[in-house]
Amino acid sequence: MDLGKNSSRSEFKIIKSFSIEIVNKTYEHLKIEQKIYRLWEKSGFFNPDKLPNSRKRKPFCIIMPPPNANAPLHIGHGVFVALEDLMIRYQRMKGKRALWLPGTDHAGFETQVVFEKEMEKQGKSVLEMNREEFYKAVWDYTQKNKKIVKNQLKLLGASCDWSREKFTLDKDIQKIVYETLKKLWQDGLLYRGKRIVNYCPKHKTAFSELEVKYKEEKGILYFVRYKIKEQKNKWITVATTRPETIPGDSAIAVNPKDKRYQKFVGKVVIEPITKREIPVIADKEVDINFGTGALKITPAHDALDFEIGQRHKLEIRETLNFDGYFNELAGPFAGLNVFEARKKSTQILQANGSLEKEKKEYIHQVSHCYKCNSIIEPMLMDQWFVAMTKPILGKNKSLRDLAVEAVENKKIRIIPSRFEKVFFHWLDNIKDWNISRQIRWGIPIPGYHCQHCQKFFIETEKIPKRCIYCQSKNIQKDTDVLDTWFSSGQWPFATLMSFKGPRSKDFKTFYPTEVMETGWDILFFWVARMIIFGIYCTGKIPFKVVYLHGLVRDKDRQKMSKSKGNVIDPLAVVETYGADALRMALIIGNTAGNDIVISEDKIRGYRNFANKIWNASRFVSMNLKDFDGQKPLLSPKDKKILNGLRKTEKKVTKYLDNYQFSLAGESLYHYFWHIFADQIIEEMKKRIKADEDKKQAQYILYIILGDCLKMLHPFMPFVTEAVWQKLPQYTPKKNQKNNLLIVSPWP
RNA sequence: GGGCAGUUAGCUCAGUUGGUCAGAGCGCAUGACUUACAUUCAUGAGGUCAUAGGUUCGAGUCCUAUACUGCCCACCA
C-alpha cells in the first residue's frame with residue numbers, strides 16, 4: 001500500500017478547506033492551532049510508517065515519559081512536550097523515521113492517594129468499597145483523566161503517534177511486566193523476606209528507600225540506665241531518641257574495642273520498663289564516639305538493630321502494630337501511639353530512677369513519608385525484594401553492575417554530565433528494592449504463600465493449585481501490588497514489544513531508542529531502573545542519551561505547588577497566549593539540569609514573537625504576488641545577506657545536535673526579529689518600492705522566510721505551519737506530496 | 001557527615017573545548033500612529049561577570065581558597 005499517496009489526497013482537501021486569512025493584522029492562535037493540529041493528524045505524519053519514503057529513513061525514537069493518569073497536565077509536562085516535540089520535529093524534518101510514542105502511567109500509589117482525596121471531597125468513603133469495586137472506580141477515574149491528558153497534549157502541539165498510545169495497565173504491557181518478574185524469580189533476584197521496611201502508618205504501606213524524605217528535627221536524646229543484673233549500683237547508660245521502643249529491646253550492644261564496656265560484655269542487664277533480662281553483646285557496627293557508646297538493640301523497629309540482631313540471633317520483639325499502636329509486648333505502652341508511649345516512658349523511667357538525663361534541642365534526621373509527611377516507622381514486614389547487588393544467575397554481574405557499566409562505557413550519555421556522578425554514587429550505595437506495596441491500585445503481585453511449608457513463590461502464567469515446593473493445596477495469594485516504578489521501569493521496551501501484527505517489528509526498528517528526556521528528580525526512581533531493566537531484559541540499553549531538564553519555578557524561584565497558589569496551568573496559557581508562545585518560553589533560558597524560571601511576562605514576549613512571524617510573513621506574502629520563483633543573478637551584497645542566513649542555519653543546527661536548545665532558540669529569535677525583520681525586510685521594502693533590483697529583493701525574502709519558517713517550526717509549530725500553508729510559493733504543486741511544513745526538509 | 005550546583009545589567013537568566021562574551025527577555029528613559037506588525041519602530045542609560053590569590057600573551061570561561069544561597073545523598077542510635 002502506498003501510504004504517501006493516500007495521505008497526499010486527504011491533505012489537498014484539507015488545505016482547500018483551510019480558511020484562515022493571512023490578511024489579519026494579528027496572529028490569532030485560537031482560530032488556528034486546533035485546525036493546524038487536525039491538518040497534521042490527517043496527514044498521518046505523526047506515524048513514522050506514513051512518512052514519505054518511510055522505509056528508507058533512519059529510525060529515531062523517543063518514548064514519552066508517561067504522565068500520571070490521575071490529573072490534568074501541569075506546567076512541568078509543558079517542558080517535556082516542548083523539548084521532546086522539538087527534537088522529534090527536528091529529526092522528522094532531517095529525514096528520520098521519527099517516532100514519539102505516547103502513553104500514560106497508572107501511577108499506583110500516587111493515583112490511589114489522589115483518588116481517595118477526591119472521594120473524600122465528594123463525601124464518599126473508599127472503605128465501603130471492596131477490592132473489586134475500588135479497582136473499578138479508580139480504573140474509570142484514570143480512563144477519564146487519560147482522555148483529558150491526551151487532549152491537552154494535542155493542544156500543546158505534541159506530534160506523537162497516537163496510534164501507538166499505551167497505558168501501563170494495558171494487558172500486553174502487564175504481560176511483559178510479569179515476564180520480567182518471572183525472569184527475576186528464576187534468576188534468583190526476586191525474593192520474599194522479612195526485613196525492616198519504611199512503613200507509613202497513615203497510608204498503611206511500605207515504601208522503597210526513595211519514597212522516604214529525611215528532615216532535620218529537634219528532638220530529645222534520653223540517657224537511660226540499664227542495671228547490671230546482680231551487681232549493685234552498676235549500670236550501662238544508653239542514649240536514645242526513642243525510649244518508647246525499650247520494651248522491644250533484645251540486647252545492649254557495645255563496640256568490642258570500647259574499653260569502657262569490655263567488662264560488661266556477656267553480662268545481663270535489666271531493661272528498665274518491663275524489667276526483662278537482656279544480654280550485653282559486642283558488635284563492630286556500634287560507634288564508640290556516639291552518645292554513650294552503648295546502643296540499645298530493637299531488632300523489630302530499626303534497620304541497624306535488625307542487622308545486629310540477625311548477627312547475634314537475638315529475639316525479635318514486634319511491639320508496634322501496623323496501625324501505629326503498641327501491643328501487649330510493649331507492656332505499659334499497650335494501646336498507646338508512639339508519642340503517647342514516649343511520654344509515658346519518660347515518666348516511668350524518671351519514676352524508677354533510670355533516666356539519667358535528657359539532652360534537649362537535640363537535632364537529628366527523622367524520616368517522613370514523602371506524600372503525607374507522617375513519620376515513617378521502620379517495621380518488620382514480609383515483602384518482595386529485587387536483589388540489586390547479587391550476581392545474576394550464570395553471570396558474574398549484578399543488576400547494579402549493568403547500569404554502572406552502561407554509563408561508564410559511555411553507551412549511555414547523561415546530559416548534563418555532572419549527573420553521572422550522582423548516578424554512580426546512588427548505585428554504589430544501592431539497596432535491595434522493595435517492590436511490594438500494601439495498596440489496592442496497581443499491578444497485583446502474582447506471589448503465593450504456602451500455608452503448609454511457609455514458603456513463597458511466583459507464578460505468572462496461571463493461578464497455581466498447589467505449592468511448588470511441598471504440593472500442598474493450602475496456598476494463599478499475595479494481596480500486594482507492584483511499586484509503580486517496577487512497571488514504568490520497563491516502559492521503553494515494554495511499549496515497543498507490546499505491538500502485534502506489522503508493528504511487531506517496532507522493537508527491532510526503534511530499540512534502543514535515542515533519547516530519554518525527563519526531569520532530574522526522577523533519575524533514580526525511573527531512569528536508573530529503566531537502564532537496569534532495559535539491559536537485563538533485552539540485553540541492550542534502552543536509550544543512548546538521557547537529557548535531564550529542570551523543575552519549573554515561578555519568577556521568585558519558588559517551586560510551584562497548589563498550596564502556594566503559584567501554579568501555572570499550561571492550558572490556560574495556551575488559551576491566552578498560544579501553545580507556541582508557551583513552548584518557546586519553556587525552551588529559551590532552559591538549560592539541561594537547571595531549573596526553569598517562567599513568568600507571564602516571558603510568555604507574553606514570545607506571543608509577540610509569534611505575531612512578529614505572522615506579520616513578517618504577511619509582508620513577504622504581499623510582496624511576492626508577482627514573484628516568478630526563479631533565482632536571479634545576485635550582487636555580492638545580496639550574496640552576503642544570504643550568507644548570513646547560512647551561518648545562522650549552521651549555528652542552529654549545531655546547537656540542536658548538541659542538545660543546546662535554548663541557544664538554538666535564541667539564535668533563531670534574534671536572527672528572525674533583529675536581522676531579518678528589522679534590517680533585511682526594511683531594506684528590501686525600499687528596493688521593492690523603488691523597483692530597484694526587485695527580483696533579487698523578492699528572492700531574498702522568499703529564501704530567508706522559507707528557511708526561517710522551517711527552522712522555527714520545531715520550536716513554534718503552529719504559527720509556522722499556518723503561515724506556510726498560506727504562502728503558495730512554499731506549498732508545491734498539487735501532485736507533490738510534501739506540502740506540509742512538518743515534513744519539509746531541514747535547511 | 002559526604003557530594004553537587006549557583007553567585008553575570010533593576011528583575012529572570014544565557015554565555016560546553018580560555019581570545020568580537022560583556023549578552024537576551026522583561027523593566028526603565030526619550031522620541032515616533034514610518035500602509036507587515038503599537039503584541040510595533042528608533043535611540044539610550046546600566047554590570048570592576050560574589051571576594052582574594054594563581055596559571056596564561058590573553059579568563060565570567062581553567063586552578064586554589066573564602067563567603068553567601070540552593071539542592072541531593074547518608075542506618076549515627
Side-chain angles (χ1 to χ4, degrees), chain A residues 22-29 196 198 209-210 212-214 219 221-222 238-242 245 252-253 285-298 302-308 362 364-365 367 378 415-419 421-422 424-426 428-429 431 520-521 523-524 550-551 553-557 559 577-578 581 584-585 588-623 654-655 658-660 662-663 665-667 669-670 673-674 677-678 681-682 685-686 689 701:
Chain A
I22 200 164
V23 291
N24 294 349
K25 280 189 168 191
T26 310
Y27 169 59
E28 292 177 72
H29 63 271
I196 293 282
N198 302 294
E209 303 302 314
L210 289 172
V212 176
K213 293 293 150 211
Y214 288 89
L221 189 60
Y222 301 91
V238 163
T240 180
T241 52
R242 305 203 59 189
T245 64
I252 297 295
E285 285 295 309
V286 179
D287 184 349
I288 295 179
N289 298 318
F290 186 86
T292 62
L295 174 64
K296 68 186 215 50
I297 304 299
T298 320
D302 183 275
L304 175 63
D305 291 6
F306 179 73
E307 248 180 59
I308 295 178
Y362 176 70
H364 63 147
Q365 301 285 335
S367 51
I415 301 173
S417 57
R418 70 181 135 92
F419 278 99
K421 268 190 231 167
V422 184
F424 288 135
H425 181 260
W426 184 71
D428 281 346
N429 299 295
K431 288 177 198 145
W520 57 257
D521 52 327
L523 178 63
F524 307 143
L551 275 36
R553 313 249 172 187
D554 70 6
K555 61 180 191 304
D556 302 316
R557 276 211 132 261
K559 255 189 203 172
Y577 296 109
M584 198 65 165
I588 292 189
N590 173 2
T591 48
N594 295 325
D595 290 346
I596 302 147
V597 179
I598 191 151
S599 61
E600 193 164 346
D601 281 346
K602 189 174 176 186
I603 299 164
R604 195 182 294 119
Y606 293 109
R607 187 273 315 264
N608 295 353
F609 182 52
N611 197 52
K612 193 74 186 175
I613 296 171
W614 178 259
N615 277 297
S617 305
R618 276 180 63 219
F619 175 83
V620 172
S621 161
M622 288 171 185
N623 287 283
K654 193 193 90 190
Y655 282 146
N658 289 336
Y659 298 93
Q660 293 167 279
S662 176
L663 287 173
E666 238 180 282
S667 305
Y669 178 94
H670 182 258
W673 199 317
H674 300 299
D678 289 352
I681 287 187
E682 288 307 315
K685 189 192 284 177
K686 280 182 211 149
K689 216 174 254 177
L701 293 178

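Each chain gets a letter, A, B and so on, in the order its sequence line appears, and its residues count up from 1.
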Testing C37(B), A77(B), C41(B) for proximity to the side chain of Trp673(A), the answer is C41(B)
Does Lys602(A) have a side-chain nitrogen or oxygen under 4.0 Å from the phosphate oxygens OP1 or OP2 of U12(B)?
no
task: For G3(B) and C57(B), measure between their P atoms and round to the nearest Å.
output: 34 Å
Ranking C41(B), C76(B), C37(B) by distance to the side chain of Phe290(A), first place goes to C76(B)
Task: Atom P, compared across U55(B) and A59(B): separation rounded to whole Å - done: 11 Å
Notebook entry, point to check: Base, sugar-phosphate alone, or nothing: which one does Lys686(A) contact when heavy atoms must sit under 4.0 Å apart?
Noted result: nothing
Scanning all shown strands, the Watson-Crick or wobble mate of U61(B) with both distances under 3.5 Å is none
Assign each of Arg418(A) and Asn594(A) the nucleotide of RNA chain B bearing its closest heavy atom; nearer the 5' end lies the nucleotide of Arg418(A)
Identify whether any heavy atom of His674(A) sits under 4.0 Å from a base atom; if not, whether one sits that close to sugar-phosphate; answer base, sugar-phosphate or nothing.
-> sugar-phosphate
Quick note, Thr240(A) side chain, CB onward, closest among C75(B), C73(B), A77(B) is A77(B)
Pairing partner of G44(B), by Watson-Crick or G-U wobble and under 3.5 Å for both distances, is C28(B)
Side-chain donor/acceptor of Asp595(A) to backbone N/O of Gly550(A), under 3.5 Å: no
What's the gap between G18(B) and G54(B) when it is taken at their C1' atoms, as a whole Å value?
15 Å
Flag, side chain of Trp520(A) to backbone of Pro416(A), donor-acceptor distance under 3.5 Å = no
Gln660(A) has its side chain closest, among C73(B), U16(B), A77(B), to U16(B)
- So what does Lys612(A) touch, heavy atoms closer than 4.0 Å: a base, only the sugar-phosphate, or nothing? base
*Have a look at Lys296(A) and say if it touches a base, only the backbone sugar-phosphate, or nothing, with a 4.0 Å heavy-atom cut-off.*
nothing
- Message: So, OP1 or OP2 of A14(B): does either fall under 4.0 Å of a side-chain N or O from Thr591(A)?
- Response: yes
Practice prompt. Scan Gly291(A) against the nucleic acid and name what it touches under 4.0 Å (heavy atoms): base, sugar-phosphate only, or nothing.
Written response: nothing
For A74(B), the nucleotide meeting Watson-Crick or G-U wobble distances (both under 3.5 Å) is none
By the 4.0 Å heavy-atom rule, please label Tyr362(A) as base, sugar-phosphate, or nothing. sugar-phosphate
Of C75(B), A74(B), A36(B), the nucleotide closest to the side chain of Ala616(A) is A36(B)
Walking RNA chain B from its 5' end, the first of Tyr669(A) and Leu295(A) to be reached, judged by nearest nucleotide, is Tyr669(A)
Hey, does Val620(A) reach any base, or is it just sugar-phosphate, or nothing, if we go heavy atoms under 4.0 Å? nothing
Rounded to the nearest 0.5 Å, the OG atom of Ser617(A) sits from the CG atom of Leu701(A) at a distance of 11.0 Å
**Prompt:** Touch check for His670(A), heavy atoms < 4.0 angstrom, all strands: base, sugar-phosphate only, or nothing?
**Reply:** nothing
Answer for the Watson-Crick or wobble partner of U55(B), both distances under 3.5 Å, is none
Per atom distances to the Asn608(A) side chain, the nearest of A14(B), U40(B), A42(B) is U40(B)
Exercise for the section: For nucleotides C73(B) and A65(B), find the distance between their C1' atoms and express it as a whole number of Å. Expected result: 25 Å
Between the CE atom in Met622(A) and the CG atom in Asn615(A), the distance rounded to the nearest 0.5 Å is 8.0 Å
Applying the 3.5 Å cut-off to both distances, the Watson-Crick or G-U partner of U66(B) turns out to be A50(B)
- [ ] With heavy atoms under 4.0 Å as the rule, sort Thr298(A) into base, sugar-phosphate or nothing.
- [x] nothing
Under the 3.5 angstrom rule, does the side chain of Thr240(A) hit a backbone N or O of Arg242(A) as a donor-acceptor pair? yes
In Tyr669(A), Tyr577(A), Trp673(A), the residue satisfying ring pair (Phe, Tyr, Trp, His ring centres under 6.0 Å) with Tyr606(A) is Tyr669(A)
P atom, A5(B) versus G44(B): distance in rounded Å? 40 Å
* Asked: Heavy atoms under 4.0 Å, any strand shown: does Asn658(A) hit a base, just sugar-phosphate, or nothing?
  -> nothing
TODO: Record whether the side chain of Glu682(A) comes under 3.5 Å of the base of A36(B) through a donor-acceptor pair of N or O atoms.
DONE: yes
| said: Could you check whether the side chain of Arg604(A) and the base of U39(B) have a donor-acceptor pair of N or O atoms closer than 3.5 Å, going by distance alone? | reply: no
Looking only at A74(B), A14(B), C73(B), the nucleotide nearest the Leu663(A) side chain is A14(B)
Note to self: Counting the atoms with a prime plus P, OP1 and OP2 as sugar-phosphate, which does Lys213(A) contact under 4.0 Å by heavy atoms, base, sugar-phosphate, or nothing?
What the structure shows: sugar-phosphate
Discussion item. Suppose you measure atom P in C72(B) against the same atom in A29(B); what distance do you get, rounded to whole Å?
Written reply: 40 Å
pair_partner(U17(B)), Watson-Crick or wobble, both distances < 3.5 Å, evaluates to none
Could you tell me whether Ile681(A) contacts a base, only the sugar-phosphate backbone, or nothing, with contacts defined as non-hydrogen atoms closer than 4.0 Å?
base
* Asked: OP1 or OP2 of C75(B) sitting under 4.0 Å from any side-chain N/O of Lys431(A)?
  -> yes
Rounding to 0.5 Å, atoms CZ (Arg607(A)) and NZ (Lys612(A)) come to a distance of 13.5 Å
field: P gap between G1(B) and G46(B), integer Å
entry: 46 Å
Separation between CD1 (Ile415(A)) and CD (Gln660(A)), nearest 0.5 Å, reads 9.0 Å
Of the candidates C73(B), C26(B), C75(B), the side chain of Tyr214(A) sits closest to C75(B)
Looking for any heavy atom pair under 4.0 Å, which part of the strands does Ala677(A) touch: base, sugar-phosphate only, or nothing? base
For the P atoms, the ones on U40(B) and on G25(B), what distance do you get once it is rounded to whole angstrom? 12 Å
To the nearest 0.5 Å, atom OG1 of Thr298(A) lies from atom CD1 of Ile308(A) at 10.5 Å
